[in-house]
2 protein chains.
Amino acid sequence: MLSQATMSQPHGAVRRFATVPSQPVSLNSLFGGQPVETFEPGTAVFWEGDEARHVFEVVEGALRIFRILSDGRRVITGFLYPGDLLGVSLKDQYLYTAEAITRTKLRRYEHGRFQEEINRSPELRPQLFACLCDEMAAAQDQMVLLARKSAEERVASFLLLIARRLGGDERQPVIEIPMTRLDMADYLGLTIETVSRTMTRLTNCGVIAPSSRHAMVVRKLGKLAMLAGEADAGDKDALGGRSIQQAVWPN
Amino acid sequence: MLSQATMSQPHGAVRRFATVPSQPVSLNSLFGGQPVETFEPGTAVFWEGDEARHVFEVVEGALRIFRILSDGRRVITGFLYPGDLLGVSLKDQYLYTAEAITRTKLRRYEHGRFQEEINRSPELRPQLFACLCDEMAAAQDQMVLLARKSAEERVASFLLLIARRLGGDERQPVIEIPMTRLDMADYLGLTIETVSRTMTRLTNCGVIAPSSRHAMVVRKLGKLAMLAGEADAGDKDALGGRSIQQAVWPN
DNA sequence: CGTCGCTTTGATTTACCTCAACCTTGGTGG
DNA sequence: CCACCAAGGTTGAGGTAAATCAAAGCGACG
């Protein structure tokens, strides 16, 4: 819904679409001429295993990217927002399904031509490379979350990610959560019940204050960061910087 | 980076160092002229947060790639073997620590020059791109494993990955496992005890037969694949192919 | 106003973790 | 050559976080 972009997320691409100055060639500007296509909530843009014919740019809305195990277990490997690119990872088949969460608008670019453009432009290449690296970094964060974090830390990490993404630097950001509890659960490797209980607990602690089912105010951003287990911890607002290695830490 | 890439499905590119034909320019051939450096078991090649000055090629041995949470929890995000590249992922800081598991030999390339070479060569570029994509695919497999698989499925998946990697197509591959149980546990998001118990169970079922602490024979590859929960399931030998889209599929 | 999908809350179960003891292996030195 | 030791690995008993099972609350929409 909101049109801000940038959050290194699996499959995402970063890049701010809205505020492109026009002259400089950016990845997103590539899509400028393409017609906008609309996808209703719950509809798939493509399926895992489909031949990978296009690259997409998210113009508006939100999508989930997921894979499904043979017995139905679903794993959401990422969410996409305006400005993100979709389907860049090549191979000749898509390796995940992409589905619209809200009503979503996309621009499409033929895969081969996309590759050509990238190849041709020495400006675009490093941008794409940087995108992939952000994506890789996000994937690693997610592996850390899934491998070693508790339910509370997972939910807190998720909310924090969203808050930083579209809450900007505000101390008590209002955040929109377009996805359902089931989406969150499948992203965080939990069940809906556990997600729900954890959110309730966060509410009772005064860390968050829900305004509707899909929106809330983060009242204690610093506390949320602490709960997320990311070692930045400062009580007020965290500096986005990835702070590393402090083996021992009070607080 | 290119860390866990190799572990998944050899997409061909950049893999195996040994079988490079010599004339054609390959990513690995770039490192040809560089001197070989040796790292003793347990020593770090670089630390998370270090300024990313070099890209490395693994010539011999095995490494672990990991991150550590503030309270000491460790997550191994990948293992590297001969032919793999390390540190490709840019940013200006390494975002994980790389440590030798066995005595390891590496070749080093200065980061900036590596970038230049890549930029210059229209042959190398797609190779690097393919590498990153393999890596991304592997990261996603790992997310699926961590988010939704049981302990048994995790261990089975891990053994299967190794078996396919260095066991070739044999039906009862002999596999070497250079890492300790703790490494496996931190890679699979489990504890050593659970890994140990699970391996014992697999042994009792006749699926594997340990020959030493760090080597074993996989006696029932098909069964292992089934236990790994990867939907290939066939009772005999699985076709390495990634089977996809089972949304609706009798199997 | 009733129905349907999503969410919350509660009671119970369970897979995995934790704690603790013991066993194996490989290296070292007497 | 064997006794000893330390590090890594296995096995067992018990605890717990999260899953599962079950029931109700809450909106939105026809």
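Every chain is numbered from 1, with letters handed out A, B, ... down the list of sequences. Because only heavy atoms are used, hydrogens play no part in the values below, and waters and symmetry mates are left out as well, while side chains stay in. From a predicted model like this one, the values you see are computed outputs, not experimental measurements.
Salt-bridge check for Glu37(B) with Lys105(B): failed, with every basic side-chain N at 4.0 Å or more from each acidic carboxylate O. Taking 4.0 Å as the cut-off between side-chain N and carboxylate O, Arg64(A) and Asp186(A) do not count as a salt-bridged pair. Between Arg73(A) and Glu153(B), at least one side-chain N (NZ, or NE/NH1/NH2) sits under 4.0 Å from a carboxylate O, which counts as a salt bridge.
Of the candidate nucleotides dC26(D), dT20(D), dT24(C), dC26(D) has the atom lying nearest to any side-chain atom of Arg213(A). You'll find that the side chain of Arg181(A) is closest to dT8(C), out of dC26(D), dG8(D), dT8(C).
The separation between Met179(A) atom CE and dC6(C) atom C1' is 16 Å, rounded to whole Å. For Leu190(A) and dA15(C), the CG to C1' distance is 15 Å, given to the nearest whole Å. Straight-line distance from the NE2 atom of His214(A) to the P atom of dC26(D): 17 Å, rounded to whole Å. For Arg73(B) and dT18(C), the CZ to C1' distance is 15 Å, given to the nearest whole Å. Between Leu182(B) atom CG and dC17(C) atom P there is a gap of 13 Å when expressed in whole angstrom units. Atom CE of Met184(A) and atom P of dC6(C) are 15 Å apart (whole Å). Rounded to whole angstrom, the span from the CD1 atom of Ile177(A) across to the C1' atom of dT7(C) amounts to 14 Å.
Taking 4.0 angstrom as the limit, Thr191(A) places none of its side-chain polar atoms (N or O) nearer than this to OP1 or OP2 of dA18(D).
Interface residues of residues 192-202 of chain B facing DNA chain D, ordered by number: Glu193(B), Ser196(B), Arg197(B), Thr200(B); criterion, heavy-atom separation under 4.0 Å. Residues of residues 145-157 of chain B having a heavy atom closer than 4.0 Å to DNA chain D: none are found.
The two residues Leu106(A) and Thr104(A) come nearest to each other via the heavy atoms CD2-CG2, 3.8 Å. Smallest separation of non-hydrogen atoms from Ala139(B) and Ala139(A): CB-CB, 4.0 Å.
For Phe158(B) and Tyr187(B), the ring centers are positioned less than 6.0 Å apart. Proximity of the aromatic rings of Tyr94(B) and Phe46(B) is defined here by a centroid distance below 6.0 angstrom, and this criterion is met.
A donor-acceptor pair under 3.5 Å is absent between the side-chain atoms of Arg219(A) and the main chain of Val207(A), judged by distance alone.
Looking only at atom types and distance, the side chain of Thr200(A) has no donor-acceptor partner in the side chain of Thr203(A) under 3.5 Å away.
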